[in-house]
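The block underneath contains the structure these notes are about, expressed in structure tokens.
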2 protein chains.
Amino acid sequence: MEEITLNKNQYSLAEEDYIKAIYHLSQQNQEALTNDIAERLETKPASVSDMLKKLADKKVVNYVKYKGVTLTEEGVKIALELVRKHRLWEVFLVEKLNFTWDEVHEVAEQLEHINSPLLIERLDEFLGFPKFDPHGDPIPDAKGEFLVKPHVPLGEMEIGQVGRVVAVQDISALFLQYLNKVGIYIGAKVSITDKIEYDGSLEVLLDDKKTILVSKEVAKNIFVGI
Amino acid sequence: MEEITLNKNQYSLAEEDYIKAIYHLSQQNQEALTNDIAERLETKPASVSDMLKKLADKKVVNYVKYKGVTLTEEGVKIALELVRKHRLWEVFLVEKLNFTWDEVHEVAEQLEHINSPLLIERLDEFLGFPKFDPHGDPIPDAKGEFLVKPHVPLGEMEIGQVGRVVAVQDISALFLQYLNKVGIYIGAKVSITDKIEYDGSLEVLLDDKKTILVSKEVAKNIFVGI
DNA sequence: AGTTTTTTTTAGATATGCCTAAAAAAGCGA
DNA sequence: TCGCTTTTTTAGGCATATCTAAAAAAAACT
Ligand SMILES: [Mn+2]
Ligand SMILES: [Mn+2]
Ligand SMILES: [Mn+2]
Ligand SMILES: [Mn+2]
């Protein structure tokens, strides 16, 4: 009897979420660490170790025990496809279904796992081939390529420098609702009018209209194109 | 230590598919039979028995060993919600993403499990609160209520009687592609011009334009409103 | 009614994905 | 470099959802 192994290139929802987490963590550092993956996926380090072994067997990650993990070429391909789907769905929810930018992430976290190449191709077309999602993050095209808008954290701008908000790093509902409240949005015109030395907070002129005070923590999570 | 059982009213993808299968099978007969559920879900009768026990524990089915199974009131509620989601997504795919009616079922089979009340509410609104899906099947509203269009199988029409196709029973891609080919669609005007006694096939005048011959098997799967 | 066939359930496995507790490796300060 | 701390892995379980094979119940046929 001949052994035939069909590589259906199909991954479970759990595997997909791990791949995506490793992708995002690898953007920040060189490789993803077990504890960081566990925290991101709200699971336990022991579960992560289990899964990393499985993903290594499937050749989507390079895994050396105790040394962290990176995605293989195949793993990056899967991750970019997931990111593409996630962000396209976020655009759909905001542009077509009138969701606010703080409501979309959790639903997109589910929708990204729907498996239908035709669906994504048509969705992309329906949305007019958007290049950025509601949080300012770039949307990979079908080949995995995406635009990069140069930007700096709000906190690193000089006094007097003018720019526009291009993205946010923290996409939690709590943070986005805070931004809604103070009037910060993607595209808003910002300039630093003063830096408070005592606590590192910033005085920001918003859309030439009003001045607001933002904390160091907040400033770290807002990216500005100059 | 007090025992607190949160009824999160959340069901797994597998459980949802079982509930939906039982709902559809119960429409045809009084109760759903183990073997029929297994066939519908492309699984084995032994797996169905396992699951029925679990669903009975969760009080979504009335299950008496060897006697078949029906949905409880709660089970029907879940089933109608799933049917609602499935059919709304089918409308979305056809109306907004230019899918054909033979391409939508499998994708909707995945999309129906996305859990977000806001999403469904907004999708319904975005689609203009449709009452029927691309196969002519009624879409339950948020309360689980839906319209019923009276209809008979094409095979049971009298010679000379005129009607319009309102729904199809078989929604397989193979059957729908056959209908595309011969020119039958939801809303098509049909009348029987002759019944062939030899094999039970029918001569059908379509949209007052052309006459086609359809087999007994095909005729059984087309519903006509008179 | 007794026998055979069909349907359904149970028994016993397997794979996935998660957990806690314990062990092992790596990192770090003295 | 030693010993403590942190990080990571392993060991051993558990729940879900599936399967095959065997047993049991129900239905159908003489
Ligand atoms: Mn996800
Ligand atoms: Mn986003
Ligand atoms: Mn389904
Ligand atoms: Mn349908």
Side-chain angles (χ1 to χ4, degrees), chain A residues 1 3 5-22 25-26 28-70 78 109-110 113 115, chain B residues 1 3 5-22 25-26 28-70 78 109-110 113 115:
Chain A
M1 189 72 77
E3 184 79 20
T5 310
L6 282 181
N7 190 353
K8 285 207 302 179
N9 266 51
Q10 187 108 306
Y11 299 89
S12 72
L13 192 148
E15 288 170 337
E16 290 190 341
D17 279 342
Y18 274 93
I19 291 168
K20 204 157 59 83
I22 295 164
L25 289 168
S26 303
Q28 299 180 308
N29 310 308
Q30 278 305 96
E31 65 267 308
L33 303 180
T34 301
N35 276 6
D36 294 343
I37 298 170
E39 191 185 3
R40 210 183 158 93
L41 297 179
E42 294 181 275
T43 181
K44 295 292 181 300
S47 307
V48 175
S49 285
D50 284 350
M51 183 60 96
L52 292 183
K53 238 177 295 175
K54 236 193 337 169
L55 293 177
D57 287 347
K58 297 195 179 186
K59 310 251 191 277
V60 295
V61 301
N62 307 114
Y63 173 49
V64 182
K65 271 183 212 171
Y66 295 103
K67 297 286 181 184
V69 67
T70 58
I78 300 163
E109 201 57 51
Q110 297 179 59
H113 303 287
N115 176 24
Chain B
M1 188 73 75
E3 183 79 22
T5 310
L6 282 181
N7 190 353
K8 285 207 302 180
N9 268 50
Q10 188 108 304
Y11 299 89
S12 73
L13 192 148
E15 288 171 335
E16 289 191 341
D17 279 341
Y18 274 93
I19 291 169
K20 205 156 59 82
I22 295 164
L25 289 168
S26 303
Q28 299 180 307
N29 310 307
Q30 278 306 97
E31 66 266 308
L33 303 179
T34 301
N35 277 5
D36 295 342
I37 297 170
E39 192 185 4
R40 211 185 158 93
L41 297 180
E42 294 180 274
T43 182
K44 295 290 181 300
S47 308
V48 175
S49 286
D50 284 350
M51 183 59 97
L52 292 183
K53 238 178 295 176
K54 236 191 343 166
L55 293 178
D57 287 348
K58 296 194 178 187
K59 307 250 191 278
V60 293
V61 301
N62 307 113
Y63 174 47
V64 183
K65 272 183 209 171
Y66 295 103
K67 297 284 180 188
V69 67
T70 59
I78 300 162
E109 201 57 51
Q110 296 179 59
H113 303 286
N115 176 23

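Quick note on labels: first sequence line is chain A, next is B, and so on, each numbered from 1.
- For B/Lys44 and D/dA21, the NZ to P distance is 11 Å, given to the nearest whole Å.
- Partners of B/Glu39 by salt bridge (charged side-chain N to carboxylate O under 4.0 Å, His left out), not counting sequence neighbours: none found.
- For B/Lys59, there are no salt bridge (charged side-chain N to carboxylate O under 4.0 Å, His left out) partners, not counting sequence neighbours.
- At C/dT16, none of the side-chain N or O atoms of A/Ser12 fall inside 4.0 Å of OP1 or OP2 (strictly under the cut-off).
- Identified under the salt bridge (charged side-chain N to carboxylate O under 4.0 Å, His left out) test for residues 43-53 of chain B, with sequence neighbours left out: none.
- Separating the NZ atom of B/Lys53 from the P atom of D/dT18 is a distance of 14 Å, rounded to the nearest angstrom.
- Taking atom CG on A/Leu25 and atom P on D/dT8, their separation rounds to 11 Å, with Å as the unit.
- Put simply, A/Tyr11 has no side-chain N or O that comes within less than 4.0 Å of OP1 or OP2 on C/dT16.
- Between B/Met51 atom CE and C/dT9 atom C1' the separation is 16 Å, expressed in whole Å.
- OP1 or OP2 of C/dT9 has at least one side-chain nitrogen or oxygen of B/Ser49 nearer than 4.0 Å.
- Every residue was checked against the side chain to side chain contact (heavy atoms under 4.5 Å, CB included) condition with B/Ala46, not counting sequence neighbours, and none meets it.
- Near DNA chain C, defined here as any heavy-atom distance below 4.0 Å, the residues from residues 56-70 of chain B are B/Tyr63, B/Lys65, B/Tyr66, listed numerically.
- Closest contact between the side chain of B/Asp50 and the listed nucleotides D/dC19, C/dT9, C/dC19 involves D/dC19.
- Of the residues in residues 31-43 of chain B, B/Leu33, B/Thr34, B/Asn35 come within less than 4.0 Å of DNA chain C through at least one heavy atom, sorted by number.
- At a threshold of 4.5 Å between non-hydrogen side-chain atoms, the residues A/Glu109 and A/Lys20 count as touching.
- Residues passing the side chain to side chain contact (heavy atoms under 4.5 Å, CB included) test with B/Thr70 are B/Glu31, B/Asn62, sequence neighbours excluded.
- When all heavy atoms of B/Thr34 and B/Pro45 are compared, the pair lying nearest together is CG2-O, 3.7 Å.
- For the side chain to side chain contact (heavy atoms under 4.5 Å, CB included) test, residues two or more places apart in sequence or in another chain that qualify with A/Leu41 are A/Asp17, A/Tyr18, A/Ala21, A/Ile37, A/Thr43.
- Side chain of A/Pro45, nearest nucleotide from D/dT9, D/dT10, C/dC18: D/dT9.
- Nearest nucleotide to the A/Ala46 side chain, out of C/dC18, C/dT10, C/dA21: C/dA21.
- Partners of A/Glu42 under the side chain to side chain contact (heavy atoms under 4.5 Å, CB included) rule, at least two apart in sequence or in another chain, do not exist in this structure.
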